[in-house]
Colleague: 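I am attaching a structure below and will ask some questions about it afterwards.
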Amino acid sequence: MAVISYKKLNDKLQESLAAGKVPEKNVREISAQLKAQSKRELKTAAIITGVIAVVFGGMLTGLIINTKDMQENMLWWIIGYLALMGFIFIAGYMMSIGIIKLEFNSAIKEGYPELYKECKV
């Protein structure tokens, strides 16, 4: 049985940020940490998607070359392939850092509107 896991912002931290209870210095530090983590996770998601794209693209190319019916609908296969790769990239990114970014940004907007532009991830 497969388990799909994703990362979320700590509930207590999110509530504290939304209520404006965290010192501004700590908000800036958390923001800097999340920005650095976001860059790393973006690179990881791009690498994983690239590997999947190469493997799946190679298999799809082999099928298209060997199957006459697939050659007639090659454009649709390529569009479907690109859509699938885009979905894999977005889903992987959202599960690794995207949800945390959304939660952090909404909590900052609510609790620290004056810091929102500076600290949003």
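Treat the numbers as computed from the prediction; the structure is a model and nothing was measured.
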Colleague: Following the transitive rule for hydrophobic clusters with a side-chain heavy-atom cut-off under 4.5 Å over Ile, Leu, Val, Met, Phe, Trp and Tyr, establish whether I90 and I47 coincide in one cluster.
Modeller: no
Colleague: With a 4.5 Å cut-off on side-chain heavy atoms, are L115 and E24 touching?
Modeller: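 Contact flag for E24/L115 side chains = yes.
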Colleague: Closest approach of C119 and R28, non-hydrogen atoms and distance?
Modeller: SG-CG, 3.8 Å
Colleague: If you round to the nearest 0.5 Å, how far is CG of L34 from CD of E103?
Modeller: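 The CG atom of L34 is 10.5 Å from CD of E103, to the nearest 0.5 Å.
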Colleague: Can you measure from CD (Q37) to OG1 (T44) and round to the nearest 0.5 angstrom?
Modeller: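 These two atoms lie 10.0 Å from each other.
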Colleague: Do M59 and I52 belong together in a cluster built from hydrophobic side chains that touch within less than 4.5 Å?
Modeller: yes
Colleague: Between N66 (side chain only) and G62 (backbone N and O only), is there a donor and an acceptor less than 3.5 Å apart?
Modeller: yes
Colleague: Please report the shortest heavy-atom distance between Y116 and N105, naming the atom on each side.
Modeller: CE1-O, 3.4 Å
Colleague: Can you tell me how far CD1 of I97 sits from CG of L42, rounded to the nearest 0.5 angstrom?
Modeller: 10.5 Å
Colleague: For T49 and A46, indicate whether the former's side chain and the latter's backbone hold a donor-acceptor pair under 3.5 Å.
Modeller: no
Colleague: So K101 and L9, do their side chains get closer than 4.5 Å, heavy atoms only?
Modeller: no
Colleague: Looking only at atom types and distance, does a side-chain atom of Y81 sit under 3.5 Å from a main-chain N or O of A53, one as donor and one as acceptor?
Modeller: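 Here the side-chain-to-backbone pair exists.
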Colleague: What about W77 and F87, same hydrophobic cluster or not, with Ile/Leu/Val/Met/Phe/Trp/Tyr joined at side-chain heavy-atom distances under 4.5 Å?
Modeller: no
Colleague: Return the minimal non-hydrogen interatomic distance between K12 and N10, and the atom names on each side.
Modeller: N-OD1, 2.9 Å
Colleague: Working to the nearest 0.5 angstrom, can you tell me the gap between L60 CG and M74 CE?
Modeller: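 Separation between the atoms: 9.5 Å.
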Colleague: I48 versus F89: any side-chain heavy-atom pair under 4.5 Å?
Modeller: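 I48 does not reach F89 side chain to side chain.
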Colleague: V55, L63: one ILVMFWY side-chain cluster at the under-4.5 Å cut-off?
Modeller: no
Colleague: Any salt bridge linking E41 with K7? Criterion: basic side-chain nitrogen under 4.0 Å from a carboxylate oxygen.
Modeller: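 Salt bridge flag = yes for K7 with E41.
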Colleague: Under a single-linkage definition using a 4.5 Å side-chain heavy-atom cutoff for Ile, Leu, Val, Met, Phe, Trp and Tyr, are I88 and L82 assigned to the same hydrophobic cluster?
Modeller: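 They do share one cluster, since a chain of ILVMFWY contacts under 4.5 Å joins I88 to L82.
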Colleague: How many angstroms lie between atom CE of M94 and atom OH of Y6, to the nearest 0.5 angstrom?
Modeller: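 It comes to 11.5 Å.
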Colleague: Would you indicate whether the side-chain heavy atoms of V121 and I100 approach each other to under 4.5 Å?
Modeller: no
Colleague: Can you name the closest pair of heavy atoms from M70 and I64 and give their distance?
Modeller: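 For M70 versus I64, the nearest heavy atoms are CE-CG1, 4.0 Å.
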Colleague: Just by modelled atom types, is the A107 backbone N or O under 3.5 Å from a matching donor or acceptor in the Q14 side chain?
Modeller: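 Pair absent, no side-chain N/O of Q14 close to backbone of A107.
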Colleague: Would you please say whether a donor-acceptor pair under 3.5 Å links the side chains of S38 and Y93?
Modeller: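 The answer is yes; a qualifying pair exists.
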Colleague: Would you mind reporting whether S31 and F104 have side-chain heavy atoms less than 4.5 Å apart?
Modeller: yes
Colleague: If you draw a 6.0 Å radius around NZ in K35, do more than 12 non-hydrogen atoms from other residues or ligands fall strictly inside?
Modeller: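 Correct, the count exceeds 12.
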